[in-house]
Amino acid sequence: MTTDLDQLRAELLASIDASSGVDALDAVRVHALGKQGAVTGLLKTLGGMSPEERQETGPRIHALREAVTDAIAARKAALEGAALEAKLAAETLDMTLPADSVPAGSVHPVSQVMDELAEIFADLGFAVATGPEIEDDWHNFTALNIPETHPARAMHDTFYLAGDHASPMVLRTHTSPVQIRAMKAAGGHKPVRIIAPGRTYRSDSDATHTPMFHQVEGLVIDKGITLGHLKWTLETFLKAFFERDDIVLRLRPSYFPFTEPSAEVDVGYTLINGKRVIGGDPSKGDGGWMEVLGSGMVHRKVIAAGGYDPDEWQGFAFGCGIDRLAMLKYGMDDLRAFFDGDLRWLKHYGFSALDVPTLSGGVGA
């Protein structure tokens, strides 16, 4: 029996090594390990042996099966590797040939508008500031003078994160927490002039709202700041952004917890072929007013939370949706398309990577 097993092992391993292809190798596998295979037949004989014979012969038969199985696996891997190498060698690519098509990418309108904002406000002396998108309750609400009973804190408006934290953690509902962080970083004794563009999150979704959207926040902290500085800054910004000199603003009294006094900022528009076009004085023809910004003088409590003495320092703040600015400037009518990932939409509304916004060449290049 021992001699027969050794001879069978040598024959099977030789057949495996001689297999020139996967099909030939599979034929050897069936011959050895199939239902009617040689090794399978030996395994079936174990049941008719005496305990002594089974104890002596059984391990040798199992060792034969393992050796054949391992040899087949190794040979199969070698054959497949050789086939792959041959295929790769046959599929060479001549990199010197001209491309069938030129790869083309587009800058998303949101990214483009962020670049436009940075360019405009950099000319006004503003730096770009950033902050975490996962915020603690203090920075997102308390430091901004938002009371415990304010509706914005409700779970149907805010995404709260589960976990064991000293303070509740949320997906920030606005970029305003960056104001607090910027003031804290300035140490309470230096002027602050920043814009804070970025992603924000609220539990809302329709044609003009999405659970994730983009905002830009502006903040100025200095001595002697007035509402007049705010109006001039916003007027200068909107004229540069919409690239029109006939921008007319209207400030309406409003309420925000973090500013006092607060004002909604409306911009005049005119109707051309039934479409709203930003610019022109609505009182002199067909048109009207459209809300584009929220703003106001920074509340004393917010200034104090940022580490400044509100008796010495004043400031103004403003904020608006970057997605909404893009919709107004570039004629988009559905906010949801911004996040659909449709390449046709991006091809139509996207911007060339080489069209970098500049004040000299036009921010909407």
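Everything numeric here is computed off the predicted structure, so don't read it as measured data.
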Legend entry - NZ (Lys76) with more than 12 external heavy atoms under 6.0 Å: no
Legend entry - Ion pair Glu291/Arg324, N-O distance below 4.0 Å: no
Legend entry - Contacts of type salt bridge (charged side-chain N to carboxylate O under 4.0 Å, His left out), residue Asp340, not counting sequence neighbours: none
Inset, instruction - Using a strict 4.0 Å threshold on nitrogen-to-oxygen distance, state whether Glu116 and Lys329 make a salt bridge. - result: yes
Legend entry - Phe241 and Phe237 aromatic ring geometry - parallel, tilted or perpendicular at 30°/60° bounds: tilted
Legend entry - Non-neighbouring partners of Phe141 that pass ring-ring contact (aromatic ring centres under 6.0 Å, His included), sequence neighbours left out: none
Inset, instruction - Give a yes or no on this: more than 12 heavy atoms of other residues, nucleotides or ligands lie within 6.0 Å of atom NZ of Lys301. - result: no
Inset, instruction - Indicate if Phe159 and Leu161 have the same hydrophobic cluster label, given that clusters are the connected sets of ILVMFWY residues with side-chain heavy-atom separations under 4.5 angstrom. - result: yes
Inset, instruction - Say whether, by atom type as modelled, one donor and one acceptor occur between the side chain of His189 and the main chain of Gly187 under 3.5 angstrom. - result: yes
Inset, instruction - Could you tell me which non-hydrogen atom of Trp313 sits nearest to which non-hydrogen atom of Gly188, and how far apart they are? - result: NE1-O, 4.0 Å
Inset, instruction - Would you name the heavy atoms of Leu230 and Gly296 that are closest together and state the gap between them? - result: CD2-N, 3.8 Å
Inset, instruction - Quick one: list whatever passes side chain to side chain donor-acceptor pair (under 3.5 Å) with Asp246, sequence neighbours left out. - result: Arg244
Legend entry - 4.5 Å side-chain heavy-atom contact, Thr233 and Val220: no
Legend entry - Backbone of Trp232 reached by a side-chain donor or acceptor of Thr236 within 3.5 Å: yes
Inset, instruction - Check the pair Val178, Arg172 against side chain to side chain contact (heavy atoms under 4.5 Å, CB included), reporting the backbone distance first and the verdict last. - result: CA-CA 10 Å; Val178 181; Arg172 66 181 183 186; 3.8 Å; yes
Legend entry - side chain to side chain contact (heavy atoms under 4.5 Å, CB included), paired with Cys320, selected from Val265, Val216, Leu117: Val216
Inset, instruction - Hey, could you give me the CD1/OG1 distance between Ile278 and Thr270, rounded to the nearest 0.5 Å? - result: 8.5 Å
Inset, instruction - Only counting residues at least two apart or in another chain, list the ones meeting side chain to side chain donor-acceptor pair (under 3.5 Å) with Glu133. - result: Arg199, Tyr201
Inset, instruction - Please check if Ile272 and Val248 belong to a single hydrophobic cluster, counting links between Ile, Leu, Val, Met, Phe, Trp and Tyr side chain heavy atoms closer than 4.5 Å. - result: no
Legend entry - From Leu144 atom CG to Ile180 atom CD1, the distance as rounded to the nearest 0.5 Å: 4.5 Å
Inset, instruction - May I have all residue pairs that pass ring pair (Phe, Tyr, Trp, His ring centres under 6.0 Å) and include part of residues 267-300, sequence neighbours excluded? - result: none
Inset, instruction - Look up atom OG in Ser262 and atom CE in Met297, then write down how far apart they are to the nearest 0.5 Å. - result: 10.5 Å
Legend entry - Residue pair Val107 / Leu346: nearest heavy atoms and the distance that separates them: O-CD1, 4.2 Å
Legend entry - Side-chain touch Pro168/Asp136, heavy atoms, less than 4.5 angstrom: no
Inset, instruction - Please confirm whether the backbone N or O of Arg54 pairs with a side-chain atom of Thr57, one donor and one acceptor, at under 3.5 Å? - result: no
Legend entry - Distance (rounded to the nearest 0.5 Å) between Glu135 CD and Met169 CE: 7.0 Å
Inset, instruction - Considering non-hydrogen atoms only, spot the tightest contact between Ser295 and Phe318 and give its length. - result: CB-CB, 3.8 Å
Inset, instruction - Taking side chain to side chain donor-acceptor pair (under 3.5 Å) as the test, write out the residues that go with His108, two or more places apart. - result: none
Inset, instruction - Answer yes if Leu12 and Leu43 sit in the same cluster of Ile, Leu, Val, Met, Phe, Trp and Tyr residues linked by side chain heavy atoms under 4.5 Å apart, and no otherwise. - result: yes
Legend entry - Joint hydrophobic cluster, Leu64 plus Met49, side-chain heavy atoms closer than 4.5 Å: yes
Inset, instruction - Answer whether the closest heavy-atom distance between the side chains of Leu251 and Glu264 falls below 4.5 Å. - result: no
Inset, instruction - Sequence neighbours left out, what passes salt bridge (charged side-chain N to carboxylate O under 4.0 Å, His left out) with Asp26? Give chain and number order. - result: Arg29
Inset, instruction - Answer yes or no: is there a donor N or O on one side and an acceptor on the other, between the side chain of Thr226 and the main chain of Gly228, under 3.5 Å? - result: yes
Inset, instruction - Could you tell me the separation between the NE2 atom of His174 and the OG1 atom of Thr200, rounded to the nearest 0.5 Å? - result: 9.0 Å
Legend entry - Exam field: side chain Arg75 to backbone Ser19, donor-acceptor pair closer than 3.5 Å: yes
Inset, instruction - Please answer: with hydrophobic residues joined when any side-chain heavy atoms are less than 4.5 Å apart, are Val277 and Leu325 in the same cluster? - result: no
Legend entry - Contacts of type ring-ring contact (aromatic ring centres under 6.0 Å, His included), residue Phe126, not counting sequence neighbours: Phe121
Inset, instruction - Apply side-chain contact (heavy atoms from CB on, under 4.5 Å) to Ala71 and list each qualifying residue two or more places apart in sequence or on a separate chain. - result: Leu13, Ile16
Inset, instruction - Specify the closest pair of heavy atoms between Ala326 and Met332, including all atoms of both residues, with the distance to one decimal. - result: O-SD, 4.1 Å
Legend entry - Hydrophobic cluster (4.5 angstrom, side-chain heavy atoms) - remaining members for Leu354: none
Inset, instruction - Report the C-alpha separation of Leu238 and Leu293 in whole Å, then their side-chain angles, then the decisive distance to 0.1 Å, and conclude whether the side chain to side chain contact (heavy atoms under 4.5 Å, CB included) test is met. - result: CA-CA 10 Å; Leu238 291 172; Leu293 290 146; 4.0 Å; yes
Legend entry - salt bridge (charged side-chain N to carboxylate O under 4.0 Å, His left out) involving Arg300 - partner list, sequence neighbours excluded: Asp311
Inset, instruction - Quick one: pull up OG1 in Thr259 and CG in Asn145 and give me the separation to the nearest 0.5 Å. - result: 9.5 Å
Inset, instruction - Using modelled atom types only, decide if a donor and an acceptor are shared between the side chain of Glu53 and the backbone of Ser50 within a distance under 3.5 Å. - result: yes
Inset, instruction - Evaluate side chain to side chain contact (heavy atoms under 4.5 Å, CB included) for Asp266 paired with Val292, printing each intermediate quantity in order. - result: CA-CA 6 Å; Asp266 299 333; Val292 291; over 6 Å; no
Legend entry - Partners passing side-chain contact (heavy atoms from CB on, under 4.5 Å) against Pro257 (at least two apart in sequence or in another chain): Ile146, His150, Tyr255
Legend entry - Distance-only polar pair, side chains of Ser176 and Glu217, donor-acceptor under 3.5 Å: yes
Inset, instruction - For Ile134, look at atom CD1 and say whether over 12 heavy atoms of other residues, nucleotides or ligands are found less than 6.0 Å away. - result: no
Inset, instruction - Report, as yes or no, whether the 6.0 Å neighbourhood of atom NZ on Lys347 holds more than 12 heavy atoms from other residues, nucleotides or ligands. - result: no
Inset, instruction - Determine yes or no for a side-chain-to-main-chain donor-acceptor pair under 3.5 angstrom, with Asp222 supplying the side chain and Ile225 the backbone. - result: no
Legend entry - Minimum heavy-atom distance between Pro59 and Gln55, given as atom pair plus value: CD-O, 3.3 Å
Inset, instruction - Please state whether the rings of Phe338 and Trp345 are parallel, tilted or perpendicular, taking 30° and 60° as the class boundaries. - result: tilted
Inset, instruction - Might you work through the side chain to side chain contact (heavy atoms under 4.5 Å, CB included) test for Asp309 and Glu312, ending with a clear yes or no? - result: CA-CA 6 Å; Asp309 183 352; Glu312 294 186 20; 3.8 Å; yes
